[in-house]
Amino acid sequence: MPKVENGAAPVGLQFGKEMGTLALPGEEIGKLVDTTPPHGLQSPQDQKRAVVRLGSGVTQRGSSLLSSKAGKVCFDGRRNKTWVENNQKRYVPALEDMVIGVVEERHSEDVRLDINGTDTATLSSLAFEGATKKNRPHLDIGSLIYCRITRASKNMEAEASCIEPGSNKSWVGGEALYGELKGGNVIQVSLGLARSLLVPNGPVLTTLGAKIPFQSAVGVNGRVWIQSSSTEHTVLLSIAIAKADTMPADEWKAFVKKMLEQAT
Amino acid sequence: MLSGAEKTYIEAGAAQGIRADGRGLLDLRPVTLETSLLPTASGSARVRIGGVTDILVGVKAEVVEPHVNAPDEGLMSFAVECSSLASPDFVGRGGADLNAELSQLLTRLYASSATRELRRGLALIPGRKCWVLHVDALVLDSGGNLYGALSLAVRAALRVVTLPRVVIIPGEADDDDEIEVNEEVFERLSRSEDAPVAVTLSAVGGRGIYIADSTSEEEACAKAAITMGVNLAGRACGAVSGGTGGVDMDTLKSMLKDAVRVGGDILKTTDSFLQDDIARMESGEEVEPVGFFS
Amino acid sequence: MPPATKRSRSRGGGAGGLEYISLDGLRIDGRRPTEVRKIRCSLGALSRADGSAYYEQGNTRVLVAVYGPREPHSRASIQHDRAVVKCEFSTAMFASPVYRRTWKGDRKSTAAALVMQKAFEGVILTASYPKSQIDIYVQVLQNDGGALVAAINAASLALVNAGVAMSDFVVACSVGFVDDTFVVDPSSLESASDRPELTLAVLSHSAKIASCQLDSKLPDGESFERALEFATSGANQIFKVLEYEVRKYSLNLLDSRGLVAL
């Protein structure tokens with residue numbers, strides 16, 4: 001049996017490859033199996049559990065599950081979901097993703113954001129907490145916006161919003177989670193690094209934050225915004241985070257140690 | 001698309017003497033230089049700057065008639081092509097304008113009196129026969145400082161170009177001399193060390209602030225830029241200005257001085273590297289192409 | 001001036017005098033008829049492209065860039081239910097001993113681009129990226145035979161590097177015919193214009209054919225099937241190399257961010 005993570009073993013899915021191993025496009029990673037018991041009756045709960053969720057990098061051919069990318073085969077037992085984790089530069093929007101967009105076009109009711117993806121995303125100027133027709137943010141071309149993907153479909157342009165459900169912090173005053181990111185610097189990193197930077201108390205941001213106080217926002221679309229009290233510090237932080245994309249762990253730690261020593 | 005934050009960041013940084021990648025205003029990115037990687041060319045070189053700008057140059061030689069205006073000089077023809085690899089903008093004929101502009105720059109760089117001896121070294125029979133060097137440059141990746149990278153790659157290729165030895169057989173009458181090309185013995189180009197490099201300084205941010213070897217993001221923020229050809233003797237060969245609007249006279253003078261200095265540094269460092277390459281060539285040592293694997 | 005290097009001379013002779021297969025059964029470069037030339041490749045060679053790969057097979061060297069999936073360049077080419085795949089095949093000015101300027105618009109290049117477009121259209125999961133465009137740009141740096149083969153293999157690697165979803169991994173190989181023998185992966189010396197040459201692109205896992213081009217007629221008595229067998233065996237050899245490279249590359253990626261676990 002392959003190693004499982006996050007709880008239960010796969011239901012309705014038999015892994016052909018060891019999980020965590022690498023698969024190439026076209027390689028069979030598993031088979032869908034019929035979980036209907038011999039007596040033919042299945043409770044609604046069992047039927048629900050038997051649903052196999054296919055994430056990014058997995059495609060189905062008959063009852064075979066094939067990898068469509070080159071990457072690591074992953075499985076989440078809580079959601080009975082399998083996917084192939086790879087790294088790439090282009091972002092594909094998914095619902096609820098937190099991204100950093102750059103305003104490309106302005107229209108009367110909304111703006112178009114470049115989200116480093118296949119297509120752009122629309123952000124309504126009213127999709128801000130407390131915004132009304134008379135009181136809404138003015139978004140210039142080139143502005144950086146931290147927002148949430150509220151509609152992601154391969155057939156339509158994605159939609160984003162700066163409204164945080166459950167929060168009533170107005171867009172005015174800059175206390176809200178989402179909204180325009182002013183000042184600071186933004187860098188482009190690989191999607192893989194962005195994902196790992198979002199892990200709470202992750203090593204990269206904690207190591208850097210221990211010596212230099214800074215604010216940051218990480219978009220799963222590979223954009224990282226950094227702001228500190230001095231331009232020099234912002235430069236160092238930007239370089240350090242960008243280097244985490246290419247340097248092996250040990251080398252990075254040493255590099256950052258030297259850099260921080262010289263800075264402070 | 002450059003965000004407002006990035007623009008401000010680049011300009012604010014420059015005003016404080018720092019750049020986004022930690023360099024000083026006139027510091028250069030690491031350069032990878034490789035020669036003799038195209039076996040079918042008389043000389044070739046590849047230059048990569050900062051891992052984002054990548055140029056490949058091949059030189060082919062042919063015997064032709066010299067120009068009527070310069071009978072005792074050989075010829076050099078330059079053709080630059082921006083590969084679609086570098087950007088979808090260059091697909092089909094999309095890169096035609098930029099190709100022409102870059103080819104023009106190289107032509108002007110090698111047309112001044114500073115390279116006259118180099119051109120004379122290509123003459124065979126004055127007024128009748130000379131070498132023409134067809135210099136073909138291919139831009140594979142474009143991350144800023146195209147002029148600099150191009151000129152450096154061309155210079156490196158010329159430094160390692162070898163041409164077959166030519167013997168002049170005197171004819172009966174004065175203009176009956178013939179040439180015989182000896183395909184067994186090759187010689188390097190005389191005065192190839194005269195080949196210039198182009199240095200571009202871009203005005204970014206406030207008054208009097210300019211940077212060398214700019215990235216494409218920095219180029220997008222630049223208000224003006226000057227490109228200057230510099231040779232070993234510290235002479236300027238063919239200055240090309242890319243819009244100096246907004247640059248005052250004092251700043252311009254200081255830019256020209258710094259361009260010569262930066263150019264001198266580039267020539268010194270790359271030459272010592274090239275000497276190694278040339279020495280290896282002459283000793284007949286096999287050079288394993290490093291190229292795309294480093 | 002100190003004398004410089006001596007150029008090595010290529011073997012002389014045309015169709016008449018040259019012996020392609022020695023008495024030992026070895027080809028001019030020492031290979032056996034079923035042997036593919038040495039392959040070296042690397043992923044991610046270019047900084048701007050979404051995916052890229054450098055590929056060498058013997059002395060043939062190509063660079064391929066993938067841009068996309070991205071917004072289509074022209075409204076006319078938008079397909080509402082799938083991605084449009086566009087290819088460009090360009091040969092550098094210094095790619096072959098015959099001196100000439102760059103070619104990308106000539107018949108051969110356009111034909112090669114079309115072959116690639118059709119082959120990859122069939123394997124890229126275009127329905128996953130409606131209304132978008134995927135560009136595959138080929139730059140041949142040096143051509144010693146098999147440039148299309150190298151381009152197809154490099155494109156597969158570049159697409160993997162770009163994370164474009166595919167139903168399989170395409171691998172190509174060519175077969176020539178010299179001295180009454182089928183030879184796998186003919187070099188330029190072994191592929192003269194009047195010789196038959198088969199270029200095959202296969203889907204590595206399902207063993208289906210993505211593309212098959214035959215230039216010139218096979219001599220009577222030689223079966224197409226036999227040529228296909230040779231090409232397939234060559235493709236399998238190549239696939240092993242490419243598979244190894246992709247795994248190595250993916251492992252390196254995972255490794256370099258060891259401190260930030262995926």
Side-chain angles (χ1 to χ4, degrees), chain A residues 20-28 56-59 61 64 66-72 74 84-92 114 116-120 153-157 189-199 202-205 207 243-253, chain C residues 43-44 47-51 66-72 80-83 123-125 127-134 156-157 159-170 203-208 239 242-243 245-262:
Chain A
T21 56
L22 296 172
L24 258 70
E27 236 181 290
E28 187 179 278
S56 155
V58 176
T59 184
R61 185 184 289 156
S64 282
L66 307 176
S67 171
S68 64
K69 301 200 180 185
K72 196 168 79 162
C74 300
V84 172
E85 186 121 335
N86 76 323
N87 198 8
Q88 60 190 60
K89 291 187 198 175
R90 285 262 173 194
Y91 167 66
V92 178
D114 157 28
N116 182 36
T118 313
D119 199 357
T120 48
S153 140
K154 62 181 190 182
N155 292 301
M156 290 184 295
E157 195 183 18
V189 300
S190 72
L191 303 190
L193 177 58
R195 277 196 298 268
S196 45
L197 288 175
L198 282 166
V199 172
V204 174
L205 296 176
T207 311
K243 289 252 186 238
D245 225 344
T246 47
M247 272 187 176
D250 293 329
E251 218 183 294
W252 187 84
K253 286 200 190 107
Chain C
L43 279 76
S47 74
R48 285 195 142 184
D50 290 310
V66 166
Y67 283 90
R70 58 191 198 107
E71 268 192 78
H80 72 281
D81 59 345
R82 59 183 174 86
V123 82
I124 293 173
L125 297 177
S128 303
Y129 312 106
K131 299 206 221 89
S132 75
Q133 180 172 317
I134 298 175
S156 281
L157 293 174
L159 286 164
V160 158
N161 185 224
V164 173
M166 299 187 281
S167 63
D168 210 324
F169 191 90
V170 181
L203 302 180
S204 315
H205 296 98
S206 63
K208 294 208 181 95
F239 178 62
L242 300 187
E243 187 183 27
E245 275 307 321
V246 172
R247 284 188 195 284
K248 193 172 81 168
Y249 172 74
S250 303
L251 275 173
N252 277 344
L253 274 187
L254 295 175
D255 219 14
S256 78
R257 281 176 288 108
L259 93 140
V260 287
L262 261 181

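Below, chain A is the first sequence line, B the second, and so on; all start at residue 1. Heavy-atom basis, side chains included; hydrogens, waters and symmetry copies ignored.
In the displayed structure, A:Lys89 atom NZ is contacted under 6.0 Å by more than 12 heavy atoms of other residues, nucleotides or ligands.
Scored by the ring-ring contact (aromatic ring centres under 6.0 Å, His included) test, C:Phe169 finds C:Phe239 as partners (sequence neighbours excluded). With sequence neighbours excluded, no residue forms a ring-ring contact (aromatic ring centres under 6.0 Å, His included) with A:Tyr91.
We find the NZ-CG distance between C:Lys131 and A:Asn155 to be 6.0 Å, quoted to the nearest 0.5 Å. The distance from the OH atom of C:Tyr129 to the CG atom of A:Asp119 is 14.0 Å, given to the nearest 0.5 Å. Remark: C:Ser250 OG to A:Glu85 CD distance equals 12.0 Å, nearest 0.5 Å. In this structure, CD1 on C:Ile134 lies 10.0 Å from CZ on A:Arg90, to the nearest 0.5 angstrom. Rounding to the nearest 0.5 angstrom, the gap separating the CG atom in A:Leu22 from the CD atom in C:Glu243 is 10.0 Å.
Nearest heavy-atom pair, C:Ala162 versus A:Gln88, reported as atom, atom and distance to 0.1 Å: O-CB, 3.6 Å. When every heavy atom of C:His205 is checked against every heavy atom of A:Leu24, the shortest pair comes out as CE1-CB, 4.3 Å. Closest non-hydrogen pair, C:Ser132 versus A:Thr118, comes out as CB-CG2, 3.4 Å.
Here the side chain of A:Lys69 pairs a donor or acceptor atom with the backbone of C:Gly163 at under 3.5 angstrom.
Note: A:Lys154 leads A:Met156, A:Arg61, A:Lys154 in heavy-atom pairs under 4.5 Å with chain C. Top candidate by heavy-atom pairs under 4.5 Å with chain C, chosen from A:Ala23, A:Pro25, A:Gly71, is A:Pro25.
When heavy atoms are compared at a cutoff of 4.5 Å, C:Val164 approaches chain A solely by way of its backbone atoms N, CA, C and O. Contacts between C:Ser156 and chain A at a heavy-atom distance below 4.5 Å are absent for every atom of the residue. With a 4.5 Å cut-off on non-hydrogen atoms, C:Ala49 touches chain A through its backbone but not through its side chain. Looking at A:Ser67, only its backbone comes within 4.5 Å of chain C, counting heavy atoms on both sides.
A 4.5 Å side-chain heavy-atom check between A:Thr59 and C:Ser167 finds every atom pair outside the cut-off.
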